[in-house]
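Structure, as structure tokens:
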Amino acid sequence: MIAVRGVSKVYALGSVRVEALRGVTLDVAAGEMVCIMGRSGSGKSTLLRQLGLIDRPTEGTIEIDGEEVSGLPERRRSALRLAKLGYVFQEYALLPELTAEENVYLPAMMRGGGARQRRAKARELLARVGLEDRARHRPKELSGGEQQRVAIARSLINDPVVLYADEPTANLDTASGRTVMEALSQLNRELGVTVLYVTHDPAERVHASREVHLEDGVLVGDGIPA
Ligand SMILES: Nc1ncnc2c1ncn2[C@@H]1O[C@H](COP(=O)(O)OP(=O)(O)OP(=O)(O)O)[C@@H](O)[C@H]1O
Ligand SMILES: [Mg+2]
């Protein structure tokens with residue numbers, strides 16, 4: 001599903017040069033649930049951004065669903081991102097003036113298609129994450145955990161093949177965090193969506209079928225969670 005070969009990312013800010021990723025090579029098969037761990041600054045978010053087509057590597061190649069994506073023109077990358085990838089951010093990134101349902105179907109609107117169908121699908125996805133009775137709420141009328149579940153529902157509206165989640169529970173209390181992780185895990189099991197998630201919390205490793213570790217931009221550990 002994902003083939004990463006020798007990916008490096010160098011950030012140059014004035015005279016400061018940061019090698020955030022150094023020669024990362026990784027294969028992820030369809031249906032895996034991969035947990036990415038590592039200290040603060042080890043390159044986890046940078047890796048996810050390269051894989052999510054939010055950013056481009058300085059060196060190396062990334063294949064997603066059989067297609068080399070790092071060299072594609074920006075328009076093609078945006079289209080791919082919309083069609084095949086879901087991304088969940090630590091801080092939800094919902095639009096405050098839209099209801100939960102509208103937030104969920106927005107990425108479907110950007111692709112065109114029937115309005116009634118996408119509303120129905122948005123409702124179905126909200127139900128899937130346990131929020132069927134919150135469809136008309138705006139983000140500020142939802143708890144953090146609920147907002148994050150709306151963000152997960154939104155990430156699924158275009159039937160992605162891969163879902164990326166960068167510390168999706170970092171802003172949540174333990175109980176809401178657990179609900180969010182369970183929602184992700186259920187999507188992986190029931191819909192077969194490949195999931196890559198970053199976490200700092202060792203307790204969240206239990207959801208993974210595989211665990212990888214980053215250390216100073218280098219992939220050091222890769223295996224089945226203990
Ligand atoms: N846009 C940027 N410009 C310059 N340097 C950056 C940029 N983004 C990240 N970095 C640097 O790259 C390194 C890796 O950052 P990254 O955000 O990937 O770490 P992380 O593992 O996600 O950390 P955390 O656990 O704190 O979220 C850090 O040293 C950081 O300072
Ligand atoms: Mg990070």
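Keep in mind the model is a prediction, meaning the values are calculated, not measured. FYI, the numbering just counts along the sequence from 1. Numbering of ligands and ligand atoms starts at 1, following listing order.
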Which residue holds the protein heavy atom closest to [atom], what is that atom called, and what is the gap in Å?
atom: atom 26 (O) of ligand 1; value: Ser40 OG, 2.6 Å
atom: atom 12 (O) of ligand 1; value: Ala20 CB, 3.5 Å
atom: atom 17 (O) of ligand 1; value: Ser45 CB, 3.7 Å
atom: atom 25 (O) of ligand 1; value: Lys44 NZ, 2.7 Å
atom: atom 6 (C) of ligand 1; value: Tyr11 CD1, 3.2 Å
atom: atom 13 (C) of ligand 1; value: Gly41 O, 3.7 Å
atom: atom 30 (C) of ligand 1; value: Val18 CG1, 4.7 Å
atom: atom 18 (O) of ligand 1; value: Thr46 OG1, 2.5 Å

Between [X] and [Y], does any side-chain donor sit less than 3.5 Å from a side-chain acceptor?
X: His213; Y: Glu215; value: no
X: Glu204; Y: Thr199; value: yes
X: Thr169; Y: Gln148; value: no
X: Glu68; Y: Ser70; value: yes
X: Ser185; Y: Arg189; value: yes

**Message:** Heavy-atom contact check, 4.0 Å cutoff: does Gly38 meet ligand 1?
**Reply:**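 Distance cut 4.0 Å: Gly38 fails for ligand 1.
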**Message:** Looking at ligand 1, would Lys9 count as a contact under a 4.0 Å heavy-atom criterion?
**Reply:**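 Checking ligand 1 against Lys9, which is what was asked, there is no heavy-atom contact under 4.0 Å.
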**Request:** Among Thr194, Leu85, Leu53, find the one that has a side-chain contact (heavy atoms from CB on, under 4.5 Å) with Tyr164.
**Result:**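 The residue from Thr194, Leu85, Leu53 that satisfies side-chain contact (heavy atoms from CB on, under 4.5 Å) with Tyr164 turns out to be Leu85.
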Which of the numbered atoms in ligand 1 are under 4.0 angstrom from any heavy atom belonging to [X]?
X: Gly43; value: 14 (C), 18 (O), 19 (O), 20 (P), 21 (O)
X: Arg49; value: 8 (N)
X: Ser42; value: 19 (O), 21 (O)
X: Arg39; value: 21 (O)
X: Glu167; value: 25 (O), 27 (O)

**Asked** Is it the side chain (CB and beyond), the backbone, both or neither of Leu13 that lies under 4.0 Å from ligand 1, heavy atoms counted?
**Response**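 For Leu13, the contact with ligand 1 is made by the side chain alone.
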**Item:** Side chain, backbone, both or neither: His200 near ligand 1, heavy atoms under 4.0 Å
**Value:**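 For His200, only side-chain atoms sit under 4.0 Å from ligand 1.
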**Prompt:** Should Glu190 and Arg128 be marked as a salt bridge (charged side-chain N to carboxylate O under 4.0 Å, His left out) after you check the CA-CA gap, both sets of side-chain angles, and the distance that decides it?
**Reply:** CA-CA 11 Å; Glu190 293 178 4; Arg128 188 168 257 291; 3.0 Å; yes
**Message:** Does the protein come close to atom 4 (C) of ligand 1 - that is, does one of its heavy atoms sit below 4.0 Å from that atom?
**Reply:**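 At least one protein heavy atom is under 4.0 Å away.
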**Item:** Any N, O or S atom of Ser45 closer than 2.8 Å to the Mg ion (ligand 2)
**Value:**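 Checking Ser45: at least one N, O or S atom is under 2.8 Å.
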Check ion pair [X]-[Y] (N to O, under 4.0 angstrom):
X: Glu74; Y: Arg77; value: yes
X: Arg136; Y: Glu101; value: no
X: Arg138; Y: Glu97; value: no

**Asked** If you group Ile, Leu, Val, Met, Phe, Trp and Tyr whenever their side-chain heavy atoms sit less than 4.5 Å apart, what else falls in with Met37?
**Response**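 Listed partners: none, Met37 stands alone.
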**Prompt:** Would you find more than 12 non-hydrogen atoms of other residues, nucleotides or ligands less than 6.0 Å from Asp27 atom CG?
**Reply:**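 Above 12, so yes.
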